[in-house]
Amino acid sequence: MAHKNRTNYLRLTFQWGIMALLFYMVLRWWIDPNYVPDFEAYCPFGGMQALSSYLVNNSLACSMTEHQIFMGVLLLIGVLIFSKLFCSYICPIGTFTEWLGKIGEKFKVRYTISGVADKALRSLKYILLFLTFYFTVGSSELFCKEYDPFFAVFTGFGSDVVLYFALPALIITILGAVFIRQFWCKYLCPLSAISNIFSNAVVFFAVMVIYLILLKLGLQISWLWPAGIIILIAMVLEVTRLKGWLFPVFKIQRKGDACVDCNLCNKACPMGLDVMGVETVEHIDCHLCVDCIKACPVSDTLTINKKKMTWLPATATVVLIVLGLFLARTIELPTINMKWGPEQKLETAAIFSQSGLKNIKCYGSAMSFASRMQRVKGVLGVKAYVRSHTAEIYYDPQVIDPEKIKAAIFTPAKTLFRMPASPTDSVAAAVFWVDKLFDTYDSFYFTQLLKQNKGIYGFSTHFGEPVEATIYFNDSLLTIDEIKNIIEQPEVTYVSRGKSYTVKLKFKVAKTSQKIEHITRNAFIKELFTPFNMVFNEYKKYKPQDLAVYKIYMPQALNAGIRRSLMMLVSHLSTNDHIVRFKTDIVDEKPYAFVYFVKNKVPADSIFSALNKPQLTVHYRNGKTGLVNNPFRFPLKGEVIQPETIERKLVQKQ
């Protein structure tokens, strides 16, 4: 009985669906300035790299997520059971190159490589796989982003892409697709290589068992050895056998007595396999796409494990994706898991868990948090979870208790919004005990909330449960109850770098001070202003008499949250080797910046010009240099003074 329809609509639906999703992400990116798409968020190959990096380094970098990891694990399970479903139904590069290949086929310029050339080229993807894992594990960042043609195109060759890697990869992928059947998938794709490794999963598990036994015996063996051995054996097996060993479980099978030798199955196969010439399709390139079954004109000639189950691969793909998403949402892996205490202490360590730490938002901030906790006596280790903003802290209960750990986690804040209008005005101060005001992000949102009311001058916080917040304000404009209502607003909207953000808030005032205290404007400034001071360019090698200071009025020095911007300004000034120090302070109740430089080496006007440049030249830790908009404006020219003059003035002020 002949099939009426030979089109594999299920597979086409998946392919077009993925393309439509990618198009939506790009279109929304152009239209919505607040939307930043993550084109690698669900990449299973990224997940395999992330899992390897996590197992070796015990940490999970920001670019590596549970979604990627579980998609990668389930892809491998899918390879063992169903073959390479991702390659067939999901992979955008596979879909795109397959469609490009039809153009080459139409103009009769596409060729299928066979023989020795085919086998030799297959080794390339294993070499790329090893290099990708080597650099990923070494850096805890996804190395594939640097060359992946898909990532390069859809991010517009963004900052993670290395042009001299990605551009040749893109050109080779496009030209290869047109002139050579599935060139990327067969010869270059590292995901195809790792999928083929699991088609010979017996080798993988055998090597890993031996490796773990050797580690258990006390041998210190780098992960590179088992990885290299597995990849090498898999490469040899593919080149010599071109088929898996036992896996996958489900395979295309052909009834020879029913076959009419029409060759339609061979023509339909995207990988150019000889389906008609075998009883069971065991070729390593088979993706179980079932295009051959759909193309066959004789019913039940081609089946999956002798059963008519053309729906199985698409259904399995959906089930694996849904399961991966479910596991990613229910299981959270720690971004870092660091222990630095003695082994005997760790065996008896207690664990304190603190949630709601919004400042733990990526690998870098988690490492910064761990570094800070490492300085706390009695703390033995930290496990940090970025998604839930939670930290588990290992500690010695004989040295420290949870209350002291909370105090160590807490970061006091001192934030000055504005100055009283008149130097003779006094400032009202009242204490509010506020729940849900704990980490630095809470302080940031608290700042955005309070500074929008012109009657509030600033605040400071001190550890407590609830946190003790002293708010400085104009009591002719606001009462304590009105400030309480401001604090308990359900949300705050603020503008940062030209974008508007709205954040839900949960601040609650547990109690307030019974009376208002009044302090002088000068006392208020001393209480809330935090000076900034940084030396650079070998400052210490100079004697005071070698230096001069450019003193300039800097009204923005009073603003809250400018430390990061000041760091960029310092980076910009440090470009001049003869500028060696930058600091801010209050003199006669006015904010000033002080730029220290080598005498007779830097004209004062050039410092003023550098401070007011529209863009700052910033040097990053990775050695790169970039330009950022200068957030500072210095309205008045400064004056050159001697270092001892300003130091003496500041001492007198104190």
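Everything quoted here is computed from the prediction, not taken from an experiment. Side chains are part of it too, since the values below use all heavy atoms of this structure and drop only hydrogens, waters and symmetry mates.
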Item to check | From CA spacing to verdict: side-chain hydrogen bond (donor to acceptor under 3.5 Å, both in side chains), Asn196, Glu238 | outcome: CA-CA 8 Å; Asn196 291 351; Glu238 176 172 344; 2.9 Å; yes

Item to check | Test side-chain hydrogen bond (donor to acceptor under 3.5 Å, both in side chains) applied to Thr493 and Thr502, step by step | outcome: CA-CA 4 Å; Thr493 299; Thr502 299; 2.9 Å; yes

Checklist entry - Taking it one step at a time, do Phe179 and Tyr111 satisfy ring pair (Phe, Tyr, Trp, His ring centres under 6.0 Å)? => result CA-CA 6 Å; Phe179 295 105; Tyr111 301 92; 8.2 Å; no

Item to check | Test side-chain hydrogen bond (donor to acceptor under 3.5 Å, both in side chains) applied to Ser388 and Glu332, step by step | outcome: CA-CA 8 Å; Ser388 61; Glu332 184 178 14; 2.8 Å; yes

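Atoms OG and CZ, from Ser83 and Phe247 in turn, are 12.5 Å apart once rounded to the nearest 0.5 Å. With rounding to the nearest 0.5 Å, the separation of CD in Gln49 from SG in Cys43 is 7.5 Å. To the nearest 0.5 angstrom, Cys269 atom SG is 9.0 Å from His283 atom NE2. Interatomic distance, CZ of Arg241 versus CD of Glu282, reported as 8.0 Å (0.5 Å rounding). Atoms NZ and CG, on Lys306 and Asp300 in that order, are 13.0 Å from each other to the nearest 0.5 Å. The CG atom of Leu22 lies 9.5 Å from the OG1 atom of Thr95; values are rounded to the nearest 0.5 Å.
By the 6.0 Å contact criterion, OH on Tyr441 is open, its count of non-hydrogen atoms from other residues, nucleotides or ligands being 12 or less. Heavy-atom contacts from other residues, nucleotides or ligands closer than 6.0 Å to CZ of Phe96 number 12 or fewer. More than 12 heavy-atom neighbours from other residues, nucleotides or ligands sit within 6.0 angstrom of CE on Met208. The number of heavy atoms from other shown groups lying within 6.0 Å of CH2 (Trp99) is above 12.
Salt-bridge check for Arg122 with Asp285: passed, with a basic side-chain N closer than 4.0 Å to an acidic carboxylate O. Using a cut-off of 4.0 Å between Lys/Arg side-chain N and Asp/Glu carboxylate O, Glu279 and Arg254 are scored as not salt-bridged. Ionic pairing of Arg11 and Glu98 is present here: one or more N-O contacts between side-chain nitrogen and carboxylate oxygen are shorter than 4.0 angstrom. With respect to Arg387 and Glu66, a salt bridge is recorded, a charged nitrogen being found less than 4.0 Å from a carboxylate O. Salt bridge status for Lys267 with Glu105: absent, with no side-chain N to carboxylate O gap under 4.0 Å.
With no hydrogens or angles considered, a side-chain donor-acceptor pair links Ser53 and Asn57 at under 3.5 Å. Tyr147 and Thr132 share a donor-acceptor pair across their side chains, judged by distance under 3.5 Å alone. Side-chain atoms of Tyr363 and Glu141 include no donor-acceptor pair closer than 3.5 Å.
Tyr35 carries Arg28 over the face of its six-membered ring, with the cationic atom under 6.0 Å from the centre and within 45° of the normal.
With Asn305 contributing its side chain and Lys307 its backbone, the two residues share no donor-acceptor pair below 3.5 Å. For Ser192 (side chain) and Cys185 (main-chain N/O), a donor-acceptor pair under 3.5 Å exists by modelled atom type. Although no hydrogens or angles enter the test, the distance criterion places a donor-acceptor pair under 3.5 Å between the side chain of Thr155 and the main chain of Phe151. Under the 3.5 Å distance criterion, the side-chain polar atoms of Ser88 are left unmatched by any main-chain donor or acceptor of Leu85. Side-chain atoms of Gln68 come within 3.5 Å of backbone N or O of Thr65 as a donor-acceptor pair.
Contact of the His572 side chain with the Leu627 side chain is not registered, since no non-hydrogen atoms from C-beta on lie closer than 4.5 Å. Counting heavy atoms from C-beta outward, Ser365 and Asn359 have side chains that stay 4.5 Å or more apart. Side chains of Leu129 and Ile197 form a contact here, defined as non-hydrogen atoms less than 4.5 Å apart. Here the side chains of Cys289 and Pro270 are in contact, with some heavy-atom distance below 4.5 Å. A heavy-atom distance below 4.5 Å is found between the side chains of Leu100 and Ile103. You'll find the side chain of Ile304 stays beyond 4.5 Å of the side chain of Thr310, heavy atoms only. Looking at heavy atoms from C-beta onward, Pro149 lies in side-chain contact with Ile93 at the 4.5 angstrom threshold. Considering only heavy atoms from C-beta on, Leu188 comes within 4.5 Å of Phe183 through its side chain.
When all heavy atoms are compared, the tightest approach of Pro297 to Arg6 is CB-NH2, 3.5 Å. Here the shortest heavy-atom pairing between Val79 and Lys84 reads CG2-CG, 4.2 Å. Contact record, Tyr126 with Ile231: O-CG2, 3.6 Å, taken as the closest heavy-atom pair. Between Phe133 and Ser52, the shortest heavy-atom distance links the atoms CE2-OG, 3.0 Å. When all heavy atoms of Asp261 and Met276 are compared, the pair lying nearest together is CA-SD, 3.5 Å.
Aromatic ring centres of Phe154 and Phe39: separated by under 6.0 Å.
The only member of Leu10, Leu302, Leu312, Asn8 that meets side-chain contact (heavy atoms from CB on, under 4.5 Å) when paired with Val290 is Asn8.
In this structure, Phe250 and Phe82 have parallel ring planes: the angle between them is below the 30° cut-off, well short of the 60° mark.
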